[in-house]
Protein chains: 2
Amino acid sequence: MVAGVRTGERRGEIIRAALEVIAERGYRGATLGAVAERVGLTQQGLLHYFPSKEALLVAVLDERDRWDTVPDSQWRLDLLPTLVDYNAMRPGIIQTFSALLGESVTEDHPTRDFFTRRYATVRDSMAGLLRVEYGERLPSGLTPERAAPLVVAVMDGLQYQWLLAPNDVDMSQAFRDLLALLGVEARHG
Amino acid sequence: MVAGVRTGERRGEIIRAALEVIAERGYRGATLGAVAERVGLTQQGLLHYFPSKEALLVAVLDERDRWDTVPDSQWRLDLLPTLVDYNAMRPGIIQTFSALLGESVTEDHPTRDFFTRRYATVRDSMAGLLRVEYGERLPSGLTPERAAPLVVAVMDGLQYQWLLAPNDVDMSQAFRDLLALLGVEARHG
DNA sequence: CGGAACCTACCGATCTACAGGTAGGTAGAG
DNA sequence: CTCTACCTACCTGTAGATCGGTAGGTTCCG
């Protein structure tokens, strides 16, 4: 099955195109035709690779999961601002997931479970990260469990403000401000 | 024009219904038929009151604007946690605007301008509020301008986490934690 | 080597559904 | 008689999905 390689590449292209289209239109607003066009296929051709729109979405989410599932052991607190800066250079990615997050709170949305699980684990690893570094109390006095949702909330909330007004909002600075408030100083390298 | 009164009431009902439907499906996912059904009309009956779907959306946003545009002079910092608590009791409203916010970052979305303006003014009044109370430096050392986006971000970010997992996230506590970090103590009544 | 059997990668035509919007009407209040 | 408040009927567009191809391999057998 030599064709398998090519198939994989093609699927990859399609997933990347889908990411773009979802960034521009959200999931509900994205059409298979638009995704197909971007990779030079017809809608039906695309459905050869993914049997349904939802299957394509799942593939997109899986890809993301693989991408940013870094083993906890490799994470370090002082890398967080770097992550924010890194994201700021890829508005497409942020926009895709901000759009999907917004949609995910609506009924029966296929991404709802994904985000619910995702946030649960993200809060957990964040709390774990903080605990490893500081123990039961951060310098600010908060427990890791109570700081974690704040850190996550700030990242998400800033993204929306930044997407709407990139020139008015300095994500990077604001995020480092929060870390400073928590007493979690980023020793920048 | 006595009928004007009834018309106004009807419009109000429709707007409330639209708010619900948007909460459940987002704007793109919401259909005029679903809104109409909720108030016992046909889709065309609804179009008698609002000439288009977008006109209805605008009405929803206007309503919201009127609702929570409180003169700055009446705002007080220690009311913020109350606002958060109050919102927590009305998941529908939060969900409507979280869904719309998510969609608003997509291309050509009719709510984009609304949210862009809204965040600009919200950040401004927040900064103003903090300045009135604390001057150029909050107890934590941050300037009002740098604290404002953080406060706003936390409110929004928490809402998403809370909508996805109401039992795992204590919006109210987390928000007060942030205020405490800023050195903005809420003197609760 | 020749060829039947089968697979991959598509495309065209078409079905179904539903959504937004229009046109034109009717019923009741004043 | 007119205005408001609707409704029925309908048009148009679009989106996801299915069906049935076709063109180009690959496999395996005799």
Side-chain angles (χ1 to χ4, degrees), chain A residues 1-61 99-100 103 106-111, chain B residues 1-61 99-100 103 106-111:
Chain A
M1 270 198 202
V2 175
V5 174
R6 281 207 186 275
T7 298
E9 283 169 19
R10 207 69 162 128
R11 284 177 56 103
E13 281 178 54
I14 293 171
I15 288 174
R16 256 171 278 136
L19 217 86
E20 289 175 24
V21 174
I22 292 174
E24 288 164 17
R25 311 275 226 186
Y27 174 67
R28 285 204 165 98
T31 69
L32 295 177
V35 177
E37 201 184 354
R38 249 166 242 234
V39 291
L41 283 181
T42 62
Q43 186 225 112
Q44 299 84 336
L46 190 155
L47 284 171
H48 172 69
Y49 291 91
F50 300 93
S52 71
K53 188 183 178 181
E54 200 170 321
L56 174 55
L57 175 64
V58 168
V60 168
L61 297 177
L100 286 178
E103 279 182 78
T106 64
E107 256 172 25
D108 302 324
H109 200 278
T111 56
Chain B
M1 270 202 201
V2 177
V5 174
R6 281 206 184 278
T7 297
E9 284 170 19
R10 209 69 162 125
R11 284 176 59 101
E13 280 179 55
I14 293 171
I15 288 173
R16 255 171 279 134
L19 219 85
E20 288 175 27
V21 174
I22 292 174
E24 289 164 16
R25 312 273 225 185
Y27 173 66
R28 285 206 166 97
T31 68
L32 294 177
V35 177
E37 200 184 356
R38 250 167 241 232
V39 292
L41 283 182
T42 61
Q43 185 224 108
Q44 295 80 351
L46 190 155
L47 284 172
H48 172 68
Y49 292 92
F50 300 93
S52 71
K53 188 183 179 182
E54 201 170 321
L56 175 55
L57 175 65
V58 168
V60 168
L61 297 177
L100 285 178
E103 277 183 80
T106 64
E107 256 172 27
D108 302 324
H109 199 278
T111 56

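Chain naming here is simple, since letters A, B, ... match the order of the sequence lines and numbering starts at 1 in each.
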Novice: Measure from CG on Leu57(B) to P on dG20(C) and round the result to the nearest Å.
Specialist: 12 Å
Novice: Starting at atom CD1 of Ile14(A), determine the distance to atom C1' of dC10(C), rounded to an integer number of angstrom.
Specialist: 11 Å
Novice: With a 3.5 Å distance limit and no angle check, can you tell me whether Lys53(B) reaches the backbone of Ala30(B) through a side-chain donor-acceptor pair?
Specialist: yes
Novice: Whether Arg10(A) contacts dC10(C) is assessed here as follows: a side-chain N or O lying under 4.0 Å from the phosphate OP1 or OP2. Is that the case?
Specialist: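 Checking dC10(C) against Arg10(A), a side-chain N or O does come within under 4.0 Å of OP1 or OP2.
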Novice: Provide, to the nearest angstrom, the distance between the CZ atom belonging to Arg28(A) and the P atom belonging to dA19(C).
Specialist: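 In whole Å, dA19(C) P and Arg28(A) CZ are 12 Å from each other.
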Novice: Whole-Å distance between dG21(C) P and Phe50(B) CZ?
Specialist: 13 Å
Novice: Taking the basic N atoms (NZ, or NE/NH1/NH2) and the acidic carboxylate oxygens, is any pair closer than 4.0 Å for Arg10(B) and Glu13(B)?
Specialist: yes
Novice: Can you list every pair that meets side-chain hydrogen bond (donor to acceptor under 3.5 Å, both in side chains) and has a residue in residues 34-47 of chain B, with sequence neighbours left out?
Specialist: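 Every pair satisfying side-chain hydrogen bond (donor to acceptor under 3.5 Å, both in side chains) with a residue in residues 34-47 of chain B: Glu20(B)-Arg38(B), Glu24(B)-Arg38(B).
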Novice: With a 4.0 Å limit, can you tell me whether His48(A) has a side-chain N or O closer than that to the phosphate oxygens OP1/OP2 of dC10(C)?
Specialist: no
Novice: Counting only side-chain heavy atoms from C-beta out, which of dA5(D), dC11(C), dA17(D) sits nearest to Leu41(A)?
Specialist: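 In terms of side-chain proximity for Leu41(A), the closest of dA5(D), dC11(C), dA17(D) is dC11(C).
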Novice: Give each protein N/O atom lying under 3.5 Å from an N/O atom of nucleotides 8-11 of chain D, with the pair distance.
Specialist:
from, atom 1, to, atom 2, distance (Å)
dA9(D), N6, Gln44(B), NE2, 2.9

Novice: Tell me the interatomic distance from Leu56(A), atom CG, to dA17(D), atom P, rounded to whole angstroms.
Specialist: 10 Å
Novice: Could you tell me how far apart Gln43(A) (CD) and dC15(C) (P) are, to the nearest whole angstrom?
Specialist: 16 Å
Novice: Does some side-chain heavy atom of Ile14(B) sit less than 4.5 Å from a side-chain heavy atom of Leu41(B)?
Specialist: yes
Novice: Within the 4.0 Å heavy-atom criterion, would you say Ala34(A) contacts the bases, only the backbone, or no part of the nucleic acid?
Specialist: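 Contact class for Ala34(A): none.
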Novice: In Å and rounded to the nearest 0.5 Å, what is the CZ to CD distance from Arg25(B) to Glu103(A)?
Specialist: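 With rounding to 0.5 Å, CZ (Arg25(B)) is 12.5 Å from CD (Glu103(A)).
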Novice: Would you mind telling me which residue lines up with the more 5' stretch of DNA chain D, Thr31(A) or Pro51(A), judged by nearest nucleotide?
Specialist: Thr31(A)
Novice: Figure out the CG/P separation between Leu47(A) and dT18(D), and round it to whole Å.
Specialist: 8 Å
Novice: Counting any heavy atom closer than 4.0 Å, what does Ala55(A) reach on the DNA or RNA strands: base, sugar-phosphate only, or nothing?
Specialist: nothing
Novice: Got a second to check how far Ile22(A)'s CD1 is from Leu56(A)'s CG, nearest 0.5 Å?
Specialist: 6.5 Å
Novice: To the nearest Å, give me how far apart NZ (Lys53(A)) and P (dT14(D)) are.
Specialist: 15 Å
Novice: Using a 4.5 Å cut-off on heavy atoms from C-beta on, say whether the side chain of Val58(B) contacts that of Phe50(B).
Specialist: no
